[in-house]
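Read the structure below first, then the notes.
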Amino acid sequence: MANDASTSPGETRGADFIRQIVNDDRSSGRWQGQVVTRFPPEPNGYLHLGHAYASLLSYGIARENAGRFNLRFDDTNPSREEQEYVDAIRADLRWLGLDWEGREFYASDYFEQLYAWAEALVRAGKAFVCGLTAEELRSYRGTLTEPGRNSPDRDRSPDENLALLRGMRAGDHAPGSLTLRARIDMAAPNLNLRDPVMYRILDATHHRTGDAWHIYPSYDWAHGQSDAIEGVTHSLCSLEFEDHRPLYDWFVEALGIHHPRQIEFARFNLSHAVMSKRKVRRLVDEGHVSGWDDPRMLTLAGMRRRGYTPEAIAAFCADVGVSKRDKVIELARLEHFQRQHLNAIASRRMAVLDPLRVVITNWPSGQVDHLPAVNNPEAPEAGSREVPFTGELWIERDDFMEDPPRKFFRLAPGREVRLRYAFFITCDEVVKDADGRVVELRCRYDPATRGGDAPDGRKVKATLHWVSAAEALRAEVRLYDRLFVSEQPEEGGADFLDGLNPDSLELRPNAWLEPALADARPGDPIQFERLGYFAVDPESRPEALRFNRVVGLRDGWSRGKGQPD
RNA sequence: UGGGGGUUAGUCUAACGGUUAGGACAGCGGACUUUGAAUCCGCCGGUCUGGGUUCGAAUCCCAGACCCCCAGCCA
């Protein structure tokens with residue numbers, strides 16, 4: 001997690017531009033050196049990798065500066081927000097490792113205060129009730145190049161406005177019939193300043209306040225004031241709110257309340273993926289994925305299910321850095337950090353995904369040997385386990401070729417290879433079925449090579465993973481790959497769904513696992529040797545084991561295969 | 001053709017007028033290897049363009065190009 005020592009107060013070199021600002025503010029004594037940040041998700045969907053980045057950034061900056069970090073649900077639009085999402089967001093953030101120390105707030109906590117402030121602005125002549133319809137409002141707003149026009153209601157008296165506003169609150173007016181607008185400048189080049197809407201009348205039940213309110217604050221009216229109430233010092237948000245900062249500042253100034261500093265950063269896109277809420281929702285709604293937690297999704301729920309670890313996500317987010325330029329991060333980068341973390345902690349196990357039978361012809365009938373196998377070569381303290389070896393085994397079908405090309409050095413007729421942790425075997429005979437398909441290999445083992453070394457010093461070119469047939473556990477293994485073949489599915493005119501990867505999920509329903517995998521639980525970091533990192537799916541049951549591939553091992557063999565040599 | 005941002009290798013990022021423009025990821029090559037993994041070593045490759053200031057410019061100035069965001073009673 002972020003514990004960047006290079007960002008102590010006054011120190012700016014090496015720090016990103018936001019941390020430099022925070023450091024400068026601390027050393028200049030602004031806000032008495034306090035640092036308070038917040039993460040303000042709207043509970044209208046599931047969190048994804050981009051939210052992880054944003055939340056970790058605000059959380060990290062608070063921690064590095066011995067400050068506070070608040071979680072605040074931005075629940076100002078009851079028509080699309082639900083408790084289900086609040087619960088999911090909370091769970092995701094906890095899983096990520098964020099600790100808001102009980103400071104879990106809601107914009108709706110502040111509805112009463114916001115309303116009182118609205119009346120104050122009305123009294124001060126800085127807000128008015130407007131009777132323009134939505135369509136009229138749009139036309140009065142002007143365009144990017146032409147100024148807007150004042151609302152006919154703009155100069156209504158404060159008393160009348162107050163009466164109307166109270167009526168709005170009381171439910172005396174139909175949804176859409178009136179709005180409360182800030183009285184700023186209809187000729188402002190920044191459209192956000194053209195008398196923006198503060199309150200709209202909504203006929204909806206709020207997930208927390210129920211039917212207590214008929215009016216709901218807009219984002220602009222709620223956000224800065226919520227920050228102010230919480231004493232937020234540095235309010236971090238993404239670039240599209242840069243245009244809103246003058247309005248953010250205008251409101252807190254007009255109210256004369258605590259004035260947080262809004263700082264905007266660029267979010268990122270991941271290659272071969274979509275991040276926008278709208279598109280992610282469409283994947284779910286149209287059934288292109290199994291749900292919000294489909295392991296192919298970059299939702300935190302999906303990534304958790306897939307087997308991604310919060311540590312890897314945090315390392316990835318820290319590495320992406322903070323800037324204001326558009327960025328598309330290569331998926332390989334995420335995978336790198338995931339491999340790096342799992343390599344250090346994953347238990348090595350053997351699993352055969354696409355099995356080919358091997359009979360050891362000279363193995364003493366009925367005998368079972370138990371061979372010690374290292375759990376994690378990167379962590380000797382993880383110890384070892386024993387794997388059973390018998391005369392009938394499964395190996396990976398890919399690990400045998402009847403007529404191998406030059407650089408294939410796994411098993412082939414007449415060739416000797418090592419079975420990991422076990423013995424050298426030599427392939428004597430290939431058994432085929434009526435269709436010519438290889439169904440069994442008959443091999444001879446060398447008893448002197450027990451453990452995997454030949455006393456005579458002879459070498460083999462390959463080491464294969466294997467599982468003893470009698471003791472093996474059957475499982476379904478799911479191989480996940482990028483959801484999109486196109487690098488940037490969101491770009492270009494074509495429908496982003498055209499870029500869907502038809503092979504993003506490959507089932508291996510007949511996999512065989514070594515017995516030690518019987519008690520693996522969801523969340524346990526596991527490497528299937530030579531294949532990749534895998535995780536137990538939450539829906540896995542003892543009688544129907546199910547594993548998900550998090551990410552494959554780097555594979556120099558298959559990478560080089562397509563290249564001319 | 002209004003306003004607000006942005007532009008350093010394929011990707012992300014560092015540089016704070018003085019570095020042979022650094023690092024990571026990707027790619028390529030090699031060493032090692034009981035995971036074709038990991039590890040180690042090496043290579044490839046960059047300052048948007050054009051002027052100017054300066055002994056010296058990615059950095060400062062001028063002009064231009066290109067990209068992103070904004071016309072919800074969404075956030």
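Just so we're on the same page: letters track the sequence lines, and every chain starts at 1.
- For G36(B), the base has no donor-acceptor partner in the side chain of D555(A) [N/O atoms by modelled type, under 3.5 angstrom].
- A donor and an acceptor atom never sit less than 3.5 Å apart when one is taken from the side chain of E264(A) and the other from the base of G5(B).
- In the set C68(B), A75(B), G2(B), the nucleotide with an atom closest to the side chain of T145(A) is G2(B).
- A9(B) and A71(B) are spaced 39 Å apart, taking the C1' atom of each and rounding to whole Å.
- Taking only side-chain nitrogens and oxygens, K407(A) never comes nearer than 4.0 Å to OP1 or OP2 of G36(B).
- Between the P atom of C67(B) and the CZ atom of R267(A) lies a distance of 21 Å, rounded to the nearest Å.
- Within 3.5 Å, no donor on the side chain of R554(A) pairs with an acceptor on the base of G36(B), nor the reverse.
- Across all strands, R80(A) comes closer than 4.0 Å to base atoms (heavy-atom distances).
- Of the side-chain N and O atoms in H465(A), none sit less than 4.0 angstrom from OP1 or OP2 of U35(B).
- With distances taken from any side-chain atom of W557(A) to the nucleotides A75(B), C25(B), G36(B), the minimum falls on G36(B).
- Rounded to a whole Å, the CD atom of E487(A) is 13 Å from the C1' atom of C25(B).
- Using a 4.0 Å heavy-atom cutoff across all strands shown, L331(A) reaches no nucleic acid atom at all.
- Within the 4.0 Å cut-off from OP1 or OP2 of A71(B), not a single side-chain nitrogen or oxygen of R149(A) is found.
- R420(A) comes within 4.0 angstrom of a base, heavy atoms only.
- Here T76(A) reaches the OP1 or OP2 of A75(B): one of its side-chain N or O atoms lies under 4.0 Å away.
- In this structure, CD1 of I18(A) is placed 12 Å from P of U13(B), rounded to the nearest angstrom.
- Residue F409(A) is in base contact, counting any heavy-atom pair closer than 4.0 Å across all strands shown.
- Rounded to whole Å, atom C1' of A24(B) lies 16 Å from atom CD of E335(A).
- Aromatic pair F547(A)/F528(A): centroids less than 6.0 angstrom apart.
- Between the side chains of S347(A) and N375(A), no donor-acceptor pair is found at a separation under 3.5 Å.
- Two rings, from H223(A) and Y219(A), have their centers less than 6.0 Å apart.
- No close placement of the Y445(A) and F424(A) rings is indicated, their centers lying 6.0 Å or farther apart.
- With a 6.0 Å cutoff to the six-membered ring centre and a 45° limit on the axis angle, R169(A) counts as a cation-pi contact of W213(A).
- In this model, a side-chain donor or acceptor of H244(A) finds a partner on the base of A75(B) within 3.5 Å.
- No hydrogens or angles considered: nothing links the side chains of R200(A) and T179(A) as a donor-acceptor pair under 3.5 Å.
- Both thresholds, 5.5 Å between centres and 30° between ring planes, are not jointly met by Y219(A) relative to the base of A75(B), so the two rings are not stacked.
- Across all strands, N343(A) comes closer than 4.0 Å only to sugar-phosphate atoms, never to a base (heavy-atom distances).
- Rounded to an integer number of Å, the gap from R181(A) CZ to G72(B) C1' is 13 Å.
- A donor-acceptor contact under 3.5 angstrom links the side-chain atoms of R333(A) to the base of A24(B).
- Close to G72(B), at under 4.0 Å from its OP1 or OP2, lies a side-chain N or O of R141(A).
- Using a 4.0 Å heavy-atom distance criterion, S271(A) is classed as making no nucleic acid contact.
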